[in-house]
Structures are given as C-alpha cells and as structure tokens.
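Numbers restart at 1 for each chain; the letters A, B, ... are given by sequence-line order, proteins then strands. In what follows, every heavy atom counts, from backbone to side chain, and hydrogens, waters and symmetry copies are set aside.
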Amino acid sequence: MKFSKAYEPNEYEPDVYALWEKSGAFKPTQNKKADYYTIVMPPPNANGNLHIGHGLTIALEDILTRYHRLIGDNTWYIPGADHAGFETWVVYERFLESQGKSRFDYTRDQLYTQVWNFVHEQRGNMELQLRALGASCDWDSLTFTLDPKVTKTVYSTFKKLWDDGLIYRGEKLVNFCTKHQTAFADIEVTYKDEAGKLWQIAYPLVEPTEGFDELVVATTRPETMLGDTAIAVNPEDKRYQALIGKKVQLPLTDREIPIIADEHADMEYGTGVVKITPAHDQNDYEVGQRHNLPMITVIGFDGKMTEAAGANYENLTTEEARKKVLKNLNEQGLLRGEEDIKHAVGHCYKCDTTIEPLLKEQWFVDVKPLAQRAIKVLKEGKIKFHPASKKQVLINYLEQLKDWNISRQIPWGIPIPAFQNIDDPTDWIFDERVEQFEIKKNGKTYVRDEDTFDTWFSSGQWPYITTSDRKEHFPTSVMETGADLLFQWVGRMIMLSLYVTNDVPFKEVYMHGMVLDEKGQKMSKSKGNVINPIEIVSQYGSDALRLGLIASRSAGVNQAFSTSKVIASRNLCNKLWNISRLIQQMVDENPKGNKQLTIDNYSEDWICFHLNQANKELQKLLASYRFAEAGDLLYDLIWNKYADWFLESEKLWKDTTLLKSTLEQVLIMLHPFAPFVTETIWQTLSWTEGILITQKWPELYKVDTKRVKKFDELKDIIANIRSHFQSLPGAQAYPVAFDDDPLVYANQLLIQHLTKAPSVPKLPTEELSGLRLAIPGHNIYLQIPEKVLNQHKENLEERILKLGQEINTLNARLDNPRYVEKAPKELVEETREQLATKQNLLEKMKAELQLI
RNA sequence: GGGCGGUUAGCUCAGUUGGCUAGAGCGCGUCUUUGACGUAGACGAGGUCAUAGGUUCGAAUCCUAUACCGCCCACCA
C-alpha cells in the first residue's frame, strides 16, 4: 500500500475491521498473570438502527477496551442485542395496524413467532453498524436477550425469588396504557405538567349533623367519583370531628359512602375533605387498604367506563363521562365551582396516552430486601461512580422504591413461567414449560400466564448472564451507559446481582450524558433534528466521529453534538496520515536508518520527553475516565509537538530509527481513540509488522532533561524571532546575528530552517546591532534597518510597561510576609526566580530601548 | 416540596486535591505555494471566570447568599 495525499477513511475502514475480526484480536486472551478487563455492552435494540448516543457509548467503551488490550489485560468486550420488548412491540403493532390487523386477530404464540421473524429479518443491520463504529467486541459472545441462556437464568431467578417469598401476585393499581394495553413500572411513566381544572363537588350528608348538610370535595377527575367508596377528613381536623363515621350520599348513584378519618386528607388544602377512589388513584388505594374499603372499578382497560359506573355512563370514554358527570352534577346543583390549576399527569412514554391507574392482577417483586442490600453495598463504596454524585442519587431512589411490577401484557418478551389452576384462580405454580399453553400436574390442569417479563427484569441480570461462560470475568470492570438508565437499569442490575450472585455486577459505573443536537436541543424524530452516526461516519470517518463525540464531554453531562469537533478530528487523522507519509518517504530514502551524527539534536530528547509525559498522563486520564482530556492531550501531542516541532526539526536530522520508533508510539497511544486510521497507517508503513490492535503499550524513553530544556530554550528563541518577523513593519525576515553563544551556534541551521531567516551569522559582540531579542542569557540581534527599528520602539515601550506591572504583582506577593511564611517553599522559590527573570528581562529591554 | 447539575473567549466547552501569564477546538485578523499535510504552516486579537459577601498568604476552584438556565424525584383530592 502507498500513502495517498489525503486520508480517505471510507476506502480503508471496512477492510481494517475485517482484518481485526479475522485475526481473532477481539477474543479475550487467557494470560493467567494478567488482569481481567471486562465490559458488557448495553445491548442495542436488535431490529433498530443505532443512534448518536450509541456512537458515544461505543466510542467510550471501545477506547477502554482497546487501551486495556494494549496494556496486556485479558480484555473482553461483550456485544449484545436487545429484543427490546415494548419498543419492538410498538413498532410491530404499528406494522400490524398498517396491514389493517390488530393484536386481537392472533394468539399470543402466533404473535410471538411473527415478531421473532420480523426482528430476525432486520437483525444484522445493527451489528453492521457497530462494526462501522469500530467496536472491538467479541462477536462469538454476542448475546441476544431471548437466547436460551438468558431465559434459563431469568427463570431460575424468578424461581428463587418465588421460593424466597419475594414474588407475589397481587391486585394492585398499575400504570396502564389503554392504547398499548399494558402496564408499566412506575419509572416508565412520564409526568408532564398540564393545565387542568379543579372542580368542587358537594356530597350531601345522609343525616345532617352539627349544622352540616353536605361536604364539598375537590377533584381534577370528576368521572372517578362514580367509583368513590368513602370520603376522608384528617383525624386532627376539628371542623369535622363529629362527622367521622357518618355517611354521605354519593351523587349520581344510589350508594351511601362513609366519612372516614385518614391522614391523607390535608387540612390546609381546599375544604380539607377528599374523595376516596381506591380503584383509580394511588393514594386513595392506600387509604382504601388502611380502611378496608371496597374498590369499585369504573374505568376499564379499554379506557371506557364500566358497567359499575352506572347505566348512564357505561361505555363512555373517560372524557365523555367527565362532561356528562359535570353536567348532571350541575343540574342537581351539586357543582360548587371550578378553578384552573396546573398538575402533573402521567403519560405513556411511547404514545403519550394518559396513563390510567387501574386495578390489575400482576406479578410483583418485593424489592425492599433487594434494595436494602444494594444500599448497603453502595454506602460501603463497593461500586465507584462517575460522576460520583450519581451514587447518592441512586441511594435516594432505592430508599423509597416501591414494589416492582414485572408483568407486561405484551406478547413480545420472555414469557412468565407461571401457570394458573383452571379450577382455582388462587393456585399458581412455577413451571418452565412456557411453550405449552396448558399443562397437567398432580391431576390438575394449569394454564399459562399470558404475560411477559418487564425487559428490565432480564436485562437487569445482564452482567452475570453474559459472562457465565468465563466466570473469571465477573464482576465486570465497568458498566458504561446513559445517565438516564441509572434507576431502571443500573439500580436493578445491582439489586439482582447481589441477590443472585452475592457479588456486585461491576466495580465501576460510568454514565454519559445525552448527545444533544448542535443547538443543545434533545434529539427526536418529531423535531427532525436526529443525527445519524452512520452518516457522520461516511462523511468524516469513524475515527473523526469518535474523537468528535468525546471532545469536551464529561461524565453525566448532556452535551451538544459539534460538527466542528468532528471536522477538527477528521483533520487530525489526516494530519497523522501525512506525518506518516513524510516519515515513510524519509525511510524510503534512507532505509538503513543511518542518522546524521550530531550532538545538538535536542528536539529528539524533547519529543521523547513529551511522549513519556503523554504515556503516563494518558494512563492516569483513562483510569479516571477523563476521555475529553485524553483526546486533547493526544491532539496537542501529535499536532503541536510531534508535527510542528519534532518533525520540522527532524527534516534536518533525519534519524529514521527514531522517527520510526516515535511514530509507532504515537500510533499505539492514539489507537484506542482512532483505531481505523492508526491501523491503516500501521498496515501501510513498510517496516511495521503484525497488527496494531494487539501491539504492546509503549515503554518510556530514557531522557536527559537537561537536553529537553535546551530545546525549550531554542523554541523560545525561534518563537520570538518568528513573532518579530511577523510583527515588524513589512513582515519580512532578517538575518539573525549572535555572538559567543554555544546553543545558537550549534543550532544555526535549525534556527534558519524554522524561522526562514536569510542567515544566522556569528559576530563579535561589538559588531552586533539591530533589534535585540529580549531573551535572558542570549545576545541575539535581528539585523534590521534603523527605520524599521524606530517603528519597533513603540511596541517595546508597551511591553516594558506590561512587564513592569507583572513585576509589581510578584513583588507584592513576596513582600507579604505571610505568603513567604505559609506558602510551600518551592512555590516561594519559584516566585523569586520568576521575579529575577522578569527583572533581568526588564533591564535588558530598557537597555535595548536606550540603544535605539 | 426535595435533590442534582450548570453559568469561564464570538460559539461549543475543558480546567483532578486552592498555587506559573485561566486553556482547547471552531470562528475572527495578518502573512505564507517551505521535502508530508491548504483537511496546511507562521503570527496575532479576544476573558471584571454570573453577582454579592466570606475563608485564605493566595480563589475560576472552598463556604454562604442571590439571580438566571437545565435535569431528576415526589406530590398536587
């Protein structure tokens, strides 16, 4: 292969990925002496396309993976594919609708098979996209969330919970979406503030007492009054003491309901009297439990009023029923007012339908013991969080967690392995023969529960399921995922893992924020601002996307996508490509690696020093998940140090041995971040062997720091000269003269080369004239004509003024006895040195001014 | 109501335990066809670090308060 003029990512990326995959580099090594490093990929939706958030996830996880592979760990990055129960079901149901069909046209088993085929037709697409992003994961270990090993574990966990009495079937209020016909966990409901109305309704007392003949309650949902089974006042409320235990006539019905005392009633709010509808409100349900109230379901799963709502209202939608109830109440003179208010209303996160709290028999997990254990482990610091603040947030959540409804009325998912006795609805048994609709046991006939598990019940067990074939990789090293999944996924993984394995699922958690659009808005299909990562890859290359995504991004913080960062990254890749191209040319010209012998090639010590620094710093940054800083560091190393100074200098020295070795180091260190371009270069260079992905992380160079300082000094001189050449009137180069100055003398060529000075003559001190550079320790003059010099005078005066101010600042600091006493000695010493340097400089500048 | 985060250059953002002249990318200005790269090179302009107090020898960094922006949780009869 040859180096073309510009790096064209699309020409090389697919082949490079295939090379890796074929080489077996993605498989974990089995070195007993090495550490184990394991990342489980949050499984992307099997039949979906990757979005930009996946781009970030893969970038972060793959950087860690490749880095740990390079440092020699037994590294295992486990890919996954999610059946995404509800998500996929929604897509499929939409498809059914478009065919003029509905879920009710098929049995559950038929539906399951249909979706299975639907998903498998599309599957593979997502996996190709992961490859395009460069994920160096072990494809042989790919786990689909419906694989037998998953369901097997899920069933055994369910059984264990069942046997431990932590699973129960209960009729409780669940969050029900009447469109999707399924219940949700509390966490899945999206609350929105909406404008609503608060209506006051009078409930007449059956027997007027103590001057009361009615009680007024307030409600935002008048239609639910048909299901009221009590009204409540606060036990402390003096106004209503005498009424407790009496009855009111429930308007629009023929029922009489009791007045009860319960703390739920807030004396301060409204009239202090609250209606109780246990079947349709979470708080009321709890009141109902405390007082053994009957529960009357007036809204059905179809979202329409039931028979129990009365003949007048049956089959009306809740909205129609609300209007009619209000109208009827008004006719009876029982409507006492209405008020505009704002209140939060729960919505289905997929279709936005208002969530109805409805009574339903479901499987629940008693989470208290699980949560307690998780809290304990978190408090003990067994899992490290990035950002650290998320730990406490999770603890707070776990402390108030209510029992977890794990039943979903969706055909697409893992069937719940429970069967019900057809003769005794309370008799449920556990059995794994879920492929059968009906089973016989002990002479009794049992029918399978139609429901499936909440996706999070299975994905909550992901870390120990996916690593079950290589147990030494559990607990995994780090769980990297979106900050929005803290509760529903991270929390559940911790609880279930402790329960099942007695161990934490991972040692660290890194949570990334959302990738927003360029304007900082959340991306959504409806807004049309979605950025497709694969399009970015084809436009700028996979490496550019990775580097662009991690730039300026810190843990847990939402951050806008920035095309300019992607472009800057693309340019970096091209820069590195051209660096390699130049070095290859030099190597071709001088294949034996002979170097021109010189003792003054300080740039070589200097670059080795900075490569060492970068090497150490990168390890630190990656250990603390500071990806953005690591990216910056590499950008600066490659561009500002390696190319602009080292390589420019090396055009003189041409030490191809060092050029090769330093380039290799650069390629290895950048490889985790930009795998494609670095590997492509590795494959293109004439002397490299094998594949880059499995190289060893570089050793440090031996460096003479005195020589490094020499080059820093030279850099200063060169930068100073360049700056003058640019800013002097006419912006042109002049000869650079010096006297007895060993550093400059030895580097005449370099200075000339890097400043474009026409010549760099050595002269006797008395012959030096022109503009003197304000560099302490050196007598260097730019030989410029007198006219130009005068114009320069003003600049100089300005600088002297500024320098004087800086000296004042330092003086003030040193004049402060407390500073000298209390600040660290090195720091004080440093200040003194600075002061001396600056004073020295000031004197020289003043002298220079006088010369002019 | 409870909690979390943010406010630093024109824009997007870094800035680890307080300590060099507060940084980067993009953008902007001037100059440059140099043994690779114009997706480039050189030089440069640009910041009262939201505000007000406090702690400290020293604060973008720690504390308190305020303002504005964003997010999460709970509640809203």
Side-chain angles (χ1 to χ4, degrees), chain A residues 3 5-7 187 191 193 196 198-199 217-221 224 231-232 264-266 269-277 281-284 341-344 387 389-390 392-393 396-397 400 483-484 486-487 513-514 518 520 540 544 548 551-554 556-565 567-586 589 620-621 624 626 628-629 631-632 635-636 643-644 647-648 651 719 722-727 731-732 753-756 802 806 809 813 816-824 826-828 830-831 833-834:
Chain A
F3 284 102
K5 194 170 176 193
Y7 174 60
I187 186 90
Y191 286 91
D193 270 337
L198 189 64
W199 286 275
V217 302
T219 180
T220 52
R221 302 200 58 190
T224 63
I231 62 175
H264 170 57
D266 180 351
Y269 194 94
T271 55
V273 186
V274 57
K275 65 193 265 310
I276 304 297
T277 324
D281 180 280
Q282 187 60 43
N283 286 311
D284 292 5
I341 56 153
K342 261 199 174 164
H343 63 152
S389 59
K390 294 287 176 196
Q392 192 54 46
V393 175
N396 294 347
Y397 170 78
Q400 53 84 50
D484 50 331
L486 179 63
F487 301 147
M514 242 184 297
E518 297 243 23
Y540 300 104
S552 294
R553 198 175 287 276
S554 41
V557 180
N558 292 350
Q559 177 86 53
F561 178 83
S562 162
T563 306
S564 73
K565 297 266 187 200
I567 291 174
S569 306
R570 188 263 325 249
N571 294 353
L572 176 69
C573 294
N574 186 57
K575 185 79 182 175
L576 185 63
W577 178 260
N578 276 287
I579 287 170
S580 310
R581 186 171 170 222
L582 174 62
I583 292 177
Q584 182 65 58
Q585 283 172 13
M586 289 172 156
E589 282 169 23
K620 262 197 236 164
L621 290 172
S624 50
R626 297 173 165 268
E629 283 167 72
D632 277 353
Y635 187 98
D636 178 64
D644 290 348
L647 208 49
E648 280 307 321
K651 285 176 181 171
R722 281 170 171 172
S723 175
H724 276 105
F725 285 173
Q726 291 281 342
S727 60
Q732 65 177 94
H753 169 63
L754 293 182
T755 62
K756 305 293 161 226
K802 202 178 159 199
E806 285 171 20
T809 312
R813 199 179 294 170
N816 182 343
R818 283 173 297 186
Y819 172 70
V820 179
E821 252 171 61
K822 293 193 179 179
E826 315 87 73
L827 197 68
V828 177
E830 205 178 306
T831 311
E833 274 171 28
Q834 279 171 13

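- Using a 4.0 Å heavy-atom cutoff across all strands shown, A:Ser562 reaches no nucleic acid atom at all.
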> Could you write out RNA chain B as a dot-bracket string, with dots for unpaired bases, | for bases paired across to another strand, and Watson-Crick or G-U pairs counted at under 3.5 Å?
Replying inline: (((((((..((((.....[...)))).(((((.......))))).....(((((..]....))))))))))))....
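- Applying the ring pair (Phe, Tyr, Trp, His ring centres under 6.0 Å) rule to A:Tyr7 yields the partners A:Tyr12, A:Trp577; only residues at least two apart in sequence or on another chain are considered.
- Nucleic acid contact for A:Glu589: base, since at least one base atom lies under 4.0 Å from a heavy atom of the residue.
- Residue A:Arg570 is classed as a base contact, given a heavy-atom separation below 4.0 Å to a base.
- Residue contacts shown for A:Thr277 are absent, as no nucleic acid heavy atom lies under 4.0 Å away.
- Considering only residues two or more places apart in sequence or on other chains, A:Phe725 meets the ring pair (Phe, Tyr, Trp, His ring centres under 6.0 Å) condition with none of them.
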Under 3.5 Å, which N/O atoms of the protein pair with N/O atoms of nucleotides 4-10 of chain B?
none

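- Checked by atom type and distance alone, the side chain of A:Ser723 never pairs as donor or acceptor with a backbone atom of A:Ala719 at under 3.5 Å.
- Closest to the side chain of A:Gln559, from the set B:C73, B:A24, B:U12, is B:U12.
- Going from the C1' atom of B:U7 to that of B:A50 covers 6 Å, rounded to whole Å.
- Within the 4.0 angstrom heavy-atom criterion, base atoms lie near A:Lys756.
- For A:Gln282 against B:A74, no side-chain N or O and base N or O form a donor-acceptor pair under 3.5 Å.
- Using a 4.0 Å heavy-atom cutoff across all strands shown, A:Leu198 reaches sugar-phosphate atoms only and no base atom.
- A:Asp284 comes within 4.0 angstrom of nothing in the nucleic acid, heavy atoms only.
- Between the side chain of A:Glu518 and the backbone N or O of A:Thr563 there is at least one donor-acceptor pair closer than 3.5 Å.
- For A:Ala6, the side chain to side chain contact (heavy atoms under 4.5 Å, CB included) partners at least two apart in sequence or on another chain are A:Glu8, A:Asn574.
- Under 4.0 angstrom from either OP1 or OP2 of B:A40 there lies no side-chain N or O belonging to A:Asn578.
- A:Ala628 comes within 4.0 angstrom of nothing in the nucleic acid, heavy atoms only.
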Contact list (N/O, under 3.5 angstrom) for nucleotides 15-18 of chain B vs protein:
{"unit_1": "B:U16", "atom_1": "O4'", "unit_2": "A:Arg626", "atom_2": "NH2", "d": "3.1"}

